[in-house]
Structures are given as C-alpha cells and as structure tokens.
Amino acid sequence: MLKDVDNEIYTALINEEEKQRNTIDLIPSENIVSKNVLKLMGSIFTNKYAEGYPGKRYYGGCKFIDEVENIAIKRACILFGAEHANVQPHSGSQANMSAYFSVLKPGDKILAMDILSGGHLTHGFKINFSGIFYQSVFYNVDKETETIDYEQVREIALKERPKMIVCGASSYSRIIDFEKFYDIARESGAYLLTDIAHIAGLVVANLHPSPVHLADFVTSTTHKTLRGPRGGLVLCRREYSHKLDSSIIPGIQGGPLMHIIAAKAVAFKEAMTPEFFEYQKQIINNCQKLCVELKKRDYRIVSGGTDNHLFTIDLRNKGLKGNECERTLEKVGIITNKNLIPYDPQPPAITSGLRIGTPLATSRGMKENDMELIAEWIDETLKNRENEKILKDIAKKVRRFAREFPIYPTS
Ligand code: PLP
C-alpha cells in the first residue's frame, strides 16, 4: 500500500484529491480525464522501452506496444483528418520543438504572437529554447479590438520574411482565422505552424475551424479541451512525415511514454463520440454564460467576449490586480490564474488580468445556471476580499456546491 510505503506522497495525493473535489477549477488548460484514460496512465505499458517507431524499434518485445502506437496514430489521423500523425511528444512544448526542428535551422526567423498578447513561451519567447535557437519577431493583437490584426501580421511577414509563421495561443478568446494565416504564409514564403493546444477539442467537434488542411504542421497538447492524458501531438502532411518523425526520435526524445500513448489512443476514441461533441458545445455555452454574467457585474472582458472555452477579465476598472484576485478566489475554493492582458501595464508576476475557462467545470457536469452562481461568488469574493467572515461563508457554499459534481461520478 502506498500509504505504508510513502506516507508523505500518499498524504499529498489524498489532499489533492480532496481539493479537486471541493473546489471549482476555472483554469482553461486543465481538465479531468476519463477513468479509462486515467487507468492507462498508471498501466504496465510504462514498463516498456520502445525507442523508434512501430516495426522499427531499437528494443525487442514490442509486439503489443506497436499495436497500441499504430492504433493511436490511425485514430489521430481520422479524428483530425490528417495525413500523418506523431503521437510521441511528451508535451506540447516538445511537439512544438519537433515541428521547428523538422524544417528550421538554428538562427532562422519565426513570426509568432507575442506572449504579451496571448502567445505561448514556445512561440519564440526570449528565454525559451524557441527564442534562443531562433530569431523571433512578433505580432500583437490590435490595441482597440484586442483581436488579431491580420493586415498587421501580413505586413510584418512581408517585411521580415520569416521562415515559419506560428499561430495559436494560450490566452485568446476569439476564432483564429487559419485561412488568413495560410494566405500570409504562402505570400511571404513561410512554413505555417498552427498550435491548437488549447482548442483541439473544439476543432475536432467542428466548433472551431480546423487548420489541418492548411498548415504544414499542426501541434497540440492532448490534455486540455481534448481531455486526454498530459502529452503532445503533431500532425503534418505526408511530405514532412520522415523529417518530423526523425526530429522526435532521434532528434529530441528517447523512449516514448507508451502508457501515455495508450491513453492518448483511448482519448482519441472518446473524442469521436457524439457525447464529446455535446461536451464541447457545453464548454462554449458555459464559457459564454459565465462571461455574460461577469459583464453584468461590470467586469471588462478582453475583446468584449469569447467564442471558445476561455476569456480574460481586465481587472483595472475594479482597481484590482491578477495576483491578488487569484489568491483571494483560491481562499474560497475558486481556482483561476492571473494573466497578462494585452498591453498590460503590470509585470507577469502581478498582471491586470484573470484567465477563466470552463473545460474542467463542464467535465464535472456544470451547466449555464451554475455559471450564474459562480459569477456571483467571484464578484462577492472580490468585493469582500477584506472581510474574512464573508469569505468563509462563500467558501462553505462553494465547497457544498463543488461536492455535488463528483470528479468521477461512477466511483
Ligand atoms: N502551446 C500552447 C498554445 C499552450 O498553451 C501550451 C501550454 O500551456 C503549450 C503549447 C505547451 O504545452 P505543455 O505544457 O504540455 O508543454
């Protein structure tokens, strides 16, 4: 028993489990995997080394491992309509690294969305490998609309002539026009990498346009809206398949995490069901409802609203900062994360924004009417942030409410 062997880790596990049950988690990049996905992540597939690819391994004994990886690849291709899939990246960051390594050389130029506008670290940020290996230039969202200004992207691309254009974001609440990015990439002679880490679930449910037929490379995580195990995925056209595969192994990884690949295969199968489509629709409905309810309470939302699973609150009209709101909301059991707003006057450790998302709450079965309650608790908490008694009262209500939505209802 874990408890007897390692009581410290056992205690942390029990505490985390209780915390997940008792709180409302609104972090847009988090989710709850299905029981089957969870089971496979803890399965004996982890015992096997399998460097290489199905049929071409550097280890013996890979018969069943090969079956698993082939199934995962086939399902990924069907799910996204892709010509080639690599399911081995250990994370979204490694998915991006492998896509860059497939066709870029150190010192090449990439054009991506600035992290200050909602881009990701691996999109050329100066202290990330992507900003160290490559020359990065950035586009930002428009100051007025807080949405991507495609004409600005085009102008920068034609002036800078990057070798690759990267689109996709960690904090962008609007539809991304992949067709426009495709046109810009073709006009400027750049490869196009679309990182759908956040929106992959919406893409497979047809609730966000797919970039798969347009981009040279599509990268993703498998653990956000896609609701699979923590990991990465790359899709590409057949012509890049060899370059991509060899950029992962031997390029940047050794043995694949076969327990995770088995879990990815199950998650892809789950994502092919009508229930998954309904789930994705509910994520958006919940997100839009929560957004509207917060707007009613005079919270300004970056870009005025949301088309997807997340949005960012601009806290400046309330005289609040992201870090203090994150802390105060955690006191009552509402888990969020501070986030920069576009052109934020505050540094990243403080921020003027709070990022909110609904994939996890939706997985627990929460619906639009629950979003109204949550908006009210957020508002009451922030208004009464100095009043410990009121905060305690709200915390009790949040805990009671959260426990009505079990993490695993059938357990
Ligand atoms: N790309 C985007 C757009 C992301 O938001 C993230 C994670 O937040 C990643 C890549 C990296 O994923 P990982 O944390 O698995 O490395």
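Residue numbers run from 1 in the order of the sequence given. Just so we're clear, the structure is a prediction, and the values are computed from it rather than from any experiment. Both counts, for ligands and for their atoms, begin at 1 and track the order of listing.
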Subject >> Residue pairs passing the side-chain hydrogen bond (donor to acceptor under 3.5 Å, both in side chains) test where at least one lies in residues 316-326, sequence neighbours excluded >> reply: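 Pairs touching residues 316-326 that pass the test: Asp314-Arg316.
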Subject >> Close aromatic pair by centroid cut-off 6.0 Å: Phe133 and Tyr100 >> reply: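 No.
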Subject >> Which residues share a salt bridge (charged side-chain N to carboxylate O under 4.0 Å, His left out) with Lys159, sequence neighbours left out >> reply: none
Subject >> Which residues share a ring-ring contact (aromatic ring centres under 6.0 Å, His included) with Tyr59, sequence neighbours left out >> reply: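 Once residues adjacent in sequence are excluded, the partners of Tyr59 under the ring-ring contact (aromatic ring centres under 6.0 Å, His included) criterion are Tyr49.
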Original post:
With no hydrogens and no angle check, is any side-chain donor or acceptor of Asn22 less than 3.5 Å from a backbone partner on Glu18?
Top reply: yes
Original post:
Is there side-chain contact between Trp377 and Val332, with heavy atoms separated by less than 4.5 Å?
Top reply: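 No. Closest side-chain heavy atoms not under 4.5 Å.
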**OP:** Compile the protein residues with any heavy atom at a distance under 4.0 Å from an atom of ligand 1; present them by chain, then by number.
**Re:**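 Residues Ser91, Gly92, Ser93, Asn96, His120, Ala169, Ser170, Asp195, Ala197, His198, Thr221, His223, Lys224 each place a heavy atom under 4.0 Å from ligand 1, listed by chain and number.
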